[in-house]
Amino acid sequence: MVQNNHSEDQAKVDKATSISLSSGIHTHAVHTSWALITEQSTYALGVTNEGYILNLHWGPRLLTLDDLPVPLLPPDRSSQDLLANAREEYPGAGGLHYGETAAKVLFADGVRDLDLRYQRFEVEEADACDGLPVLTLFLRDTVYPLLVTLRYQVDTVNDLIIRSATFTNEGSDTIRLERVFSAVWHLPSQYTPRILTTLAGQWSEETRIQRRPITAGTALVESRRGITSLQAAPWFAIEPEHNPFTPAGQHEVYFGALAWSGNWAIRVTGDVNGTTVIAGGISDHDFVWQLGADESFATPDFIAGFAFDGLNGARQRLHRYTRKIVLPQPQAHQPRPVLYNSWEATFFDVHESGQVALAERAARLGVELFVVDDGWFAGRNNDRAGLGDWYADPHKFPQGLGPLVKHVNALGMQFGLWVEPEMVNPDSNLYRAHPDWVYFFPTRPRSLARNQLVLNLGREDVRTYLFETLNRLITQHAIAFLKWDMNRPISEPGWSEYLESGGEAREIWVRHARGVYTLMDALRAHHQDLTIESCSSGGGRADLGILRRTDQVWASDNTHPEARLLIQEGFSLELPARVMESWVTDAGRGEIPLAFRFHVAMLGALGIGGNLLHWSAEELDEAAGWIAAYKTIRPIIQEGDQCWLLSPHATGGALAAVQYTTDDQDEAVVFAFQRSRVFGEPLLPLRLQNLQANARYSIENVTVSLKLNEAKNSAVGPAQSLSGAALMARGLTLPLEHRHAYASCLLKIRRLLP
Ligand code: DGJ
């Protein structure tokens with residue numbers, strides 16, 4: 001580890017020479033500044049004489065430390081705005097900080113200004129958790145005993161900087177934290193206007209792509225619901241407005257995502273000078289944290305990156321980081337199994353014989369994991385009762401879950417179960433025993449949503465109860481997979497006992513999210529092979545924080561293939577295919593060919609959610625064929641780089657095409673979808689990406705032969721093979737029938753040996 005600065009013999013301290021910089025963290029020998037170099041980008045920061053830390057550059061890679069500007073405050077133009085354009089890395093609210101701020105505190109004597117100045121730094125070659133290089137900067141308030149450490153982890157391969165901050169109270173008086181964002185990011189100022197892309201939605205309509213120009217003022221995306229939310233995803237991308245007269249940097253994208261599953265905020269602020277500042281982290285709405293003597297508060301990670309190759313480049317970088325660093329290991333590199341889920345087939349009408357019948361059909365199709373959804377536990381015949389009583393309903397499962405689990409395992413499938421641990425119905429034994437375990441204000445009615453209330457996971461007794469209950473369930477029944485649902489936001493965020501004991505009830509939003517993390521971490525520590533799916537009325541808790549302890553997410557309750565394509569395109573901007581559980585259900589049955597429905601679901605981790613007892617022999621045969629085909633290409637989808645070649649968002653849902661490519665570019669698969677071509681207009685060639693220009697590739701159209709009950713491959717069009725250059729420059733004619741509504745295809749592209 002390198003500490004402090006200005007010492008000649010420190011391993012990684014570079015002389016201010018013209019030596020071309022390698023990837024990693026470099027420290028300037030003269031100025032107190034650093035360059036965080038990744039394969040394609042540089043993030044540089046430095047300390048002014050006054051002790052402010054300024055961003056010096058973020059964007060395309062610089063070659064030498066000489067290229068860094070000297071860290072200086074900009075000239076004061078108006079005598080009142082000294083720090084407004086200062087590009088401060090972590091501005092505290094107070095003094096002349098009128099722009100975006102990262103932190104706001106209240107000291108015990110009533111002083112509300114925070115004045116943070118640089119103290120020292122440390123560089124780690126590889127941190128203990130993720131094995132990435134880290135720069136840590138230490139700042140202190142000029143008067144009060146408050147230490148703030150800023151952490152910059154560098155994913156050199158994926159051009160990402162992962163930032164967080166830790167506040168430590170080194171004194172004896174409590175300090176009230178009122179805003180503790182993870183990071184403030186400064187984009188280079190530029191004349192070309194910029195476009196902000198975000199993801200918004202609602203139930204059954206998650207991750208819809210939103211695009212708007214950045215102008216003077218602040219765009220705010222956030223959640224105040226106690227969960228990540230269906231309404232907005234903690235992700236952004238910013239690119240220049242396309243303009244052929246200013247071509248430089250046309251496809252440069254800045255993008256980022258927050259690793260947090262509670263209230264969050266991302267603020268994107270522009271001004272009349274062409275600056276763009278992004279600030280974000282835990283939402284400061286209804287947030288206060290009392291930091292007692294010697295206590296620390298660590299923010300979640302805010303991951304951001306620079307891509308020179310557009311939104312596809314941005315998505316691929318985040319995906320690789322998620323697969324390699326974020327997801328629980330070693331599961332992250334095992335294939336996600338094809339699962340069956342009972343929800344849409346039976347809803348609450350769950351009972352042993354019905355589930356056995358479904359399981360038998362599912363096994364014949366090649367399903368590997370059978371999941372019983374909501375409706376299996378005591379008193380759960382509808383959504384009005386039962387949540388909290390996590391034992392099998394004696395009428396539905398007279399001998400408990402044991403016989404069903406055995407049957408499922410004997411059929412060669414793993415067993416999975418739906419739970420909603422954070423919830424309780426007033427009509428449950430748990431609530432009758434512990435009405436004080438939920439969030440509530442004594443003087444207000446407790447607002448029901450979906451007839452349920454939220455358990456206070458800030459309470460240790462609640463967490464202990466939930467751990468013991470879930471641990472028992474998993475152990476008793478060899479449960480391999482939990483679908484962990486969360487179907488309503490938090491309301492009446494009160495916690496009287498905590499308040500009475502001198503606590504600050506506004507901490508609950510953070511304590512709840514941390515409580516969920518703690519519980520999941522403890523269960524995973526006890527059950528190494530357990531996998532968890534994060535669900536929240538669909539994709540309401542899909543983020544890089546929950547994905548540190550869950551293996552996949554349920555992206556949406558909307559399983560209609562047309563809607564799903566749009567939802568999945570948005571989802572894929574933030575999260576990779578292997579975490580996106582996607583089922584073929586009965587939505588669209590009779591209207592949309594089974595092949596189309598399968599192709600849409602095969603874009604992620606494939607599952608089946610239809611009522612198989614209603615499917616014809618032909619449908620079952622075809623389904624088995626597609627499942628077999630999926631298994632052969634699963635590594636390419638689940639581990640490969642994803643590229644949306646035709647955006648359904650851009651085509652109004654009429655056309656879509658997605659390519660997945662292996663790291664070595666030897667293999668790729670392409671899915672293409674056509675809702676309709678109402679005028680019979682010609683289908684244009686589809687240009688692929690990410691191939692080796694000089695290599696030749698075979699192109700096969702994968703279809704399913706019903707008689708053989710297996711996938712069949714045939715060459716596409718007259719050409720058996722094409723060079724990578726031709727596939728990328730001229731493109732491929734898609735085998736989609738003229739005027740055919742809901743036509744789709746799956747193409748396998750394989751490099752031929754020379
Ligand atoms: C919401 C989920 O998104 C659904 O898939 C299903 O699990 C229901 N909850 C069950 O109540």
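All values below come from the heavy atoms of this structure, side chains included, with hydrogens, waters and symmetry mates left out. These numbers were taken from a predicted model, which means no experiment stands behind them. Both ligands and their constituent atoms are indexed starting at 1 by order of listing.
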In terms of side-chain heavy atoms, does Glu422 have a donor or acceptor partner in His512 at a distance below 3.5 Å? yes

Have Arg541 and Thr228 got a donor and an acceptor in their side chains that come within less than 3.5 Å? no

Can you list the steps and then say if Lys396 with Trp376 is a side-chain contact (heavy atoms from CB on, under 4.5 Å)? CA-CA 7 Å; Lys396 298 178 172 190; Trp376 61 270; over 6 Å; no

Any N/O of Trp418 closer than 3.5 Å to an N/O of ligand 1? yes

Please say whether Gly538 places an N or O atom under 3.5 Å from an N or O atom belonging to ligand 1. yes

Are His434 and Tyr465 close enough that a side-chain donor and a side-chain acceptor fall under 3.5 Å? no

With a 3.5 Å cut-off and no angle check, do the side chains of Glu420 and Gln452 form a donor-acceptor pair? yes

Atom 7 (O) of ligand 1: the protein heavy-atom neighbour that sits closest, reported with distance to 0.1 Å: Asp373 OD1, 2.7 Å

As an exercise, identify every atom of ligand 1 less than 4.0 angstrom from a heavy atom of Cys535. 2 (C), 3 (O)

Over all heavy atoms of both residues, which pair between Leu258 and Gly280 is shortest? Give the atoms and the distance, please. CD2-C, 4.3 Å

The single option from Val419, Asn341, Leu417 passing side-chain contact (heavy atoms from CB on, under 4.5 Å) against Lys483: Asn341

Looking only at distance, does Asp485 have an N or O less than 3.5 Å from an N or O of ligand 1? yes

With a sphere of 6.0 Å drawn around CZ of Arg384, does it hold more than 12 non-hydrogen atoms of other residues, nucleotides or ligands? no

Give the numbers and elements of all ligand 1 atoms closer than 4.0 Å to a heavy atom of Trp554. 3 (O), 5 (O)

In this structure, does ligand 1 have an atom that sits under 4.0 Å from one of the heavy atoms of Lys483? yes

For ligand 1, is there an N or O atom under 3.5 Å from any N or O atom of Arg380? no

Any atom of ligand 1 sitting under 4.0 Å from a heavy atom of Arg450? yes

Suppose we measure from atom 3 (O) of ligand 1 to each protein heavy atom; which comes out shortest, and what is that distance? Asp557 OD1, 2.4 Å

Test item: side-chain donor near acceptor, Arg225 and Gln231, under 3.5 Å: yes

Go through ligand 1 atom by atom and flag the ones less than 4.0 Å from a non-hydrogen atom of Ser537. 1 (C), 3 (O)

Structural part of Asn487 in contact with ligand 1, heavy atom criterion under 4.0 angstrom: side chain

Atom 11 (O) of ligand 1: nearest protein contact (heavy atom, Å): Asp374 OD2, 2.6 Å

